[in-house]
Amino acid sequence: MPPSPIDPARLAALPADLRALFRAQEAMIEAERRRADDECSARLHVESELAASKESVERLELLVKEYEELAPVVWTAPRWI
């Protein structure tokens with residue numbers, strides 16, 4: 001956790017209930033940072049998966065096109081069968 005932006009000496013001078021509120025707020029801020037980091041990591045992972053899927057689709061589309069171009073040749077070559 002990053003250092004507290006509040007001077008520890010000033011924080012110690014506050015009543016216990018206010019110190020507890022500051023600590024709770026720091027914990028909530030840190031939890032939000034972790035959540036944002038996790039969300040960013042998940043988003044990057046999904047974007048990577050999506051890019052890989054798009055590449056696969058493009059490759060499959062190319063293979064289908066090649067197959068469709070070659071299919072008439074394959075099926076019409078041997079007339080004696």
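These figures come from a predicted structure and were not determined experimentally.
Judged by distance alone, the side chain of S41 and the main-chain N or O of D37 form a donor-acceptor pair under 3.5 Å.
At a threshold of 4.5 Å between non-hydrogen side-chain atoms, the residues R10 and L14 do not count as touching.
A distance of 10.5 Å separates CG of L50 from CD of E55, quoted to the nearest 0.5 Å.
Residues L11 and L21 fall within the same hydrophobic cluster, defined by Ile, Leu, Val, Met, Phe, Trp and Tyr side chains chained together at heavy-atom separations under 4.5 Å.
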Distance-only donor-acceptor pairs under 3.5 Å for side chains of residues 57-66, two or more places apart:
none

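In this structure, R23 does not pair ionically with E26, as no charged nitrogen and carboxylate oxygen lie closer than 4.0 Å.
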